[in-house]
Amino acid sequence: MSTKFVIDGLKATIEDKEILKGINLEIKGGEIHAIMGPNGTGKSTLASALMGHPKYEVTGGTAELNGEDLLEMDVDERALAGVFLAMQYPSEISGVTNSDFLRSAINARREEGDEISLIKFIRQMEAKMKELDMNPEFAHRYLNEGFSGGEKKRNEILQMLMLDPKIVILDEIDSGLDIDALKIVAAGVNSMRSEDRGFLIITHYQRLLNYITPDYVHVMMQGRIVKSGGPELAARLENEGYDWVKEELGIVDETVGQA
Ligand SMILES: Nc1ncnc2c1ncn2[C@@H]1O[C@H](COP(=O)(O)OP(=O)(O)OP(=O)(O)O)[C@@H](O)[C@H]1O
Ligand SMILES: [Mg+2]
């Protein structure tokens, strides 16, 4: 079945402050959507709210993956349903090795009695790590513990490659990556493009989108998607910043508005 992810009027608050004020977005299998927007406009909040992070309270709207209500599911169920988030700041988990973490995540997605064999798992992980030019030692290190910024990002992509998700949300996957790593990560993402997988890529820079060509680019401001277009929109934002969008749409800076 082809993937369809529909977010309709999603609202969310953090400590009673409304951050998401009605997000509408439809991602179909095979599509790559990019979200750009100034700092603090709610991009990571959208990612966390979709994953079911407990700090964010969804106060309105719906999010459905292939007709299933995501908002009714707990965090694990959302992951099992095929939603994957590469976080802007991946968490460190001491005491759990990267390979143990990945293997149990894979097995959680399989029927009981149909667990992946150790040999097959190791072979797969080694192949994917090679693809990402990762040192094999990283398999045995505790998850993200002491990883450099760029190493964490590459490790998130390793998880994406191994877990075969239906909806991939990448939150600033390009931040902290060196130029070669950016290309490697982009190649990893491009290798996963398929008719039954959709992508939502949050980024500040067009640079990443030179390597991963989006079908749609959305601008998020003050908790809403205020403008959508194609890759040319990202190019214009890179050149001109966000002021022209605000002027065009009559958006007043919140801090100014509150004075
Ligand atoms: N735990 C929290 N308590 C209070 N405010 C929060 C909390 N988490 C996020 N916020 C606020 O929510 C707003 C949106 O944050 P969010 O991280 O979603 O922004 P963003 O668009 O991802 O920004 P950036 O581009 O800097 O990553 C910000 O003003 C932020 O300060
Ligand atoms: Mg963010």
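Owing to the predicted nature of the structure, the values given are computational and were not obtained by experimental measurement. Numbering of ligands and ligand atoms starts at 1, following listing order.
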Quiz item: Within a distance of under 4.0 Å, is there any protein heavy atom near atom 31 (O) of ligand 1?
Solution: no

In terms of its nearest heavy atom to atom 8 (N) of ligand 1, the top option of D171, I14, I35 is I14

If the threshold is 4.0 Å, N to carboxylate O, is there a salt bridge linking K183 and D133? no

*Working for side-chain hydrogen bond (donor to acceptor under 3.5 Å, both in side chains), residues Q206 and N210*: CA-CA 6 Å; Q206 199 215 344; N210 287 336; 3.3 Å; yes

Checklist entry - Has ligand 1 got any nitrogen or oxygen that is less than 3.5 angstrom from a nitrogen or oxygen of T45? => result yes

Heteroatom proximity flag, G42 to ligand 1, N/O under 3.5 Å
yes

G40, any N or O under 3.5 Å of ligand 1 N or O:
yes

Between H140 and T97 the two heavy atoms that sit nearest each other are O-CG2, 3.6 Å

With heavy atoms and a 4.0 Å threshold, my read on which part of N39 contacts ligand 1 is both

Out of K55, H53, K43, the nearest non-hydrogen contact to atom 20 (P) of ligand 1 is supplied by K43

Checklist entry - Out of curiosity, is M220 lining ligand 1, as in a heavy atom under 4.0 Å away? => result no

The OE1(Q88)-the Mg ion (ligand 2)-OG(S44) angle, to 10°, is 80°

From the list E92, Q159, K152, side chain to side chain contact (heavy atoms under 4.5 Å, CB included) with L143 holds only for Q159

If you scan protein heavy atoms around atom 17 (O) of ligand 1, the nearest is S44 CB, 3.6 Å

One finds that the ligand 1 atoms under 4.0 Å from a non-hydrogen atom of E172 are 25 (O), 27 (O)

The atoms of ligand 1 lying under 4.0 Å from a heavy atom of Q88, numbered in the order shown, are 27 (O)

*Ion pair K153/E172, N-O distance below 4.0 Å*: no

Taken in chain and number order and not counting sequence neighbours, the residues that satisfy ring-ring contact (aromatic ring centres under 6.0 Å, His included) with F84 are none

Within 4.0 Å of some non-hydrogen atom of E15, the atoms of ligand 1 are 3 (N), 4 (C)

| task | Kindly assign one of parallel, tilted or perpendicular to the pair H218 and Y216, based on the angle between their ring planes and the thresholds 30° and 60°. | result | parallel

When distances are taken from atom 12 (O) of ligand 1, the protein heavy atom at minimum range is I19 CD1, 3.2 Å

Stepwise salt bridge (charged side-chain N to carboxylate O under 4.0 Å, His left out) check, K4 with E64: CA-CA 8 Å; K4 192 170 165 189; E64 290 186 354; over 6 Å; no

Is there a chain of hydrophobic side chains (I, L, V, M, F, W, Y, each step under 4.5 Å between heavy atoms) that links F147 to I157? yes

